[in-house]
Structures are given as C-alpha cells and as structure tokens.
Amino acid sequence: MRCVLAALALLPLPALADCPPAPDITAAMDDLLSQVRAAPSAEIAQGISAKMWAQWTRAPDGRAQALLDEGMARRAAFDLLGARSIFDELIDYCPDYAEGWNQRAFASFIAGNHGAALADLDRALALRPRHVAALSGRGLTLIALDRIAEGQADIRAALAFNPWLSERRFLALDPEGGPSDPSRIPGPEIDL
C-alpha cells in the first residue's frame, strides 16, 4: 500500500482550481462606450460609467468574485496591505483577469507606491486595452511620477472613450510646471 501511495504522490496533480476565462464583455462595452460618448450630461454619463464598472468587475467565477469583492472592501476601508494581499491571491488565481491587476494598482496608488501601480496598470491594459478607468488611472499615476506629458496623453486617450471623465482636469497642468490655460481643454464643460 505504501508503494502505491508513494507512486501516486509522484504523479502530477491536475490543477485543483483553474480560473476560467474572464467574461467576454466586448459587445456590452461597445454599446456602453457608444452611449457615454453621446451622453448629453455628466449625470447621464455617470450612470453609464457605473454600468461599465459592473462589466469590468464581473469576475470569471465565484471564487474570483469573492476575492475581488473582499479586496475592494479592504481597499475602501484603507486596509491597503490587506487589499494588496487579497489582490495578489486573485492575480495568482486569475492572471488573465484585468480587474485584479487594476484593483491592485489602485491600492498601490493610494499607498503611494506609484511604480507598482504603473506596472499593474500596464498589465491590466494589455488584457483590456479599452479599460477606461485603468487608462485614466495610468495617466494619474504617470502624473504622480512627475511624467506629466505622458500622463496627459493617457488621459486624452481615456477621454476619447469617455469625454466626461473628471480626470480631464489634469490636462490643465503645464507639463513644464504650473497651471496652463483651462480654456484649451476640449470636451464638456467642467469646473477646474
């Protein structure tokens, strides 16, 4: 019997829990991006953005959803180390799920670890290039790293998807230092 158990121990075990592919949200995002570009007001755009978040935060399965929800709850409570730990677990389990990377980046950004945030945002965008929040977050991260012109380029790219983003106020920064003329910022009227 020991020989049989020893032989079984040497066999490779199948993965106990492989993460399934992330949900295909392409058609839903096509529709939502079209709607937000045509939105007549910030209030309507905000509702459409909430629907985008509902798509991005649809995890591949129940385990991934529970990890995402727990990590987001910890981040909201400013338990940033706990949030990062949960997002690490989510990324280990579902490395192809963009929102795990995006949420870990958010926790890192809040903690002031902009280098780690930037790396995670790059991965999130490699997985979901039209993730408007990750793209605008990357812009904010680059600005925090004093790479203002690069950050503004990402914010402009995000605004091409959603012209109502509040991050557009960062286009008023002069890449050389100091405020620039806010009247040059294209898009819907906002208070700077």
Side-chain angles (χ1 to χ4, degrees), residues 22-39 41-60 64-65 67-78 80 83-84 86-87 90-91 94-145 147-148 150-171 173 185 187-188 190:
D24 182 2
I25 63 171
T26 305
M29 288 306 296
D30 287 345
D31 183 50
L32 291 169
L33 290 169
S34 178
Q35 287 180 41
V36 80
R37 282 191 296 271
S41 70
E43 182 179 26
I44 291 171
Q46 187 175 24
I48 297 166
S49 292
K51 292 177 184 177
M52 288 181 195
W53 274 109
Q55 292 297 316
W56 293 322
T57 58
R58 280 181 41 218
Q65 191 69 59
L67 289 168
L68 179 67
D69 294 345
E70 174 67 18
M72 290 172 64
R74 288 182 184 218
R75 188 206 62 239
F78 290 95
L80 302 178
R84 276 196 53 92
I86 296 295
F87 294 136
L90 174 58
I91 289 167
C94 297
D96 294 330
Y97 178 48
E99 197 56 34
W101 297 95
N102 184 53
Q103 290 297 323
R104 188 170 76 176
F106 191 16
S108 294
F109 182 87
I110 294 169
N113 189 348
H114 301 119
L118 187 59
D120 284 350
L121 289 164
D122 287 343
R123 182 66 181 137
L125 288 164
L127 293 166
R128 285 218 190 272
R130 299 185 309 164
H131 194 309
V132 179
L135 187 54
S136 62
R138 187 176 188 279
L140 294 176
T141 303
L142 287 165
I143 289 170
L145 290 168
R147 294 164 57 184
I148 296 170
E150 290 175 80
Q152 288 174 329
D154 279 355
I155 290 171
R156 282 186 186 91
L159 287 166
F161 292 119
N162 179 356
W164 294 96
L165 294 173
S166 64
E167 288 84 356
R168 61 192 298 277
R169 70 182 181 272
F170 289 94
L171 298 180
L173 296 175
I185 301 171
I190 61 166

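Listed by chain and residue number, nothing satisfies the salt bridge (Lys or Arg N to Asp or Glu O under 4.0 Å) test with R84 (two or more places apart in sequence, or in another chain). Take D69 and apply the side chain to side chain contact (heavy atoms under 4.5 Å, CB included) test, not counting sequence neighbours, and it matches Q65. Remark: E150 pairs with R147 by the side chain to side chain donor-acceptor pair (under 3.5 Å) rule, at least two apart or across chains. Checked against ring pair (Phe, Tyr, Trp, His ring centres under 6.0 Å), W56 has the following partners two or more places apart in sequence or in another chain: W53, H131. Under the rule for a salt bridge (Lys or Arg N to Asp or Glu O under 4.0 Å), R128 has no partner lying at least two apart in sequence or in another chain. Residues satisfying the side chain to side chain contact (heavy atoms under 4.5 Å, CB included) test with D122, not counting sequence neighbours, are L118, R138.
Of the N and O atoms on the side chains of S49 and N162, at least one donor lies less than 3.5 Å from an acceptor on the other residue.
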- Could you walk me through whether L127 and E99 pass side-chain contact (heavy atoms from CB on, under 4.5 Å), step by step? CA-CA 9 Å; L127 293 166; E99 197 56 34; over 6 Å; no
- Message: If you apply the rule side-chain contact (heavy atoms from CB on, under 4.5 Å), what do you find for I143 with I155, and how did you get there?
- Response: CA-CA 10 Å; I143 289 170; I155 290 171; 3.8 Å; yes
- Item | Stepwise side-chain contact (heavy atoms from CB on, under 4.5 Å) test for Y97 and L90 | CA-CA 9 Å; Y97 178 48; L90 174 58; 4.3 Å; yes
- Can you list the steps and then say if R58 with D24 is a salt bridge (charged side-chain N to carboxylate O under 4.0 Å, His left out)? CA-CA 10 Å; R58 280 181 41 218; D24 182 2; over 6 Å; no
- Message: If you apply the rule side-chain contact (heavy atoms from CB on, under 4.5 Å), what do you find for Q152 with F170, and how did you get there?
- Response: CA-CA 7 Å; Q152 288 174 329; F170 289 94; 5.6 Å; no
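The two atoms that bring W101 and P95 nearest to each other are NE1-O, 2.9 Å, heavy atoms only. Minimum heavy-atom separation, A59 to P23: O-CG, 3.9 Å. Among all heavy-atom pairs drawn from G100 and I91, the shortest one is O-CD1, 3.7 Å. Residue L68 comes nearest to F87 through the heavy atom pair O-CE2, 3.9 Å, listed as atom of the first residue, atom of the second, then distance. Considering every non-hydrogen atom in both S108 and A117, the closest pair reads CB-N, 3.8 Å. Here the closest non-hydrogen pair linking I44 and A39 is CG2-CB, 4.1 Å.
At distances below 3.5 Å, not a single donor-acceptor pair connects side-chain atoms of Q55 with backbone N or O atoms of A28. One N or O on the side chain of R169 and one on the backbone of S166 form a donor-acceptor pair closer than 3.5 Å.
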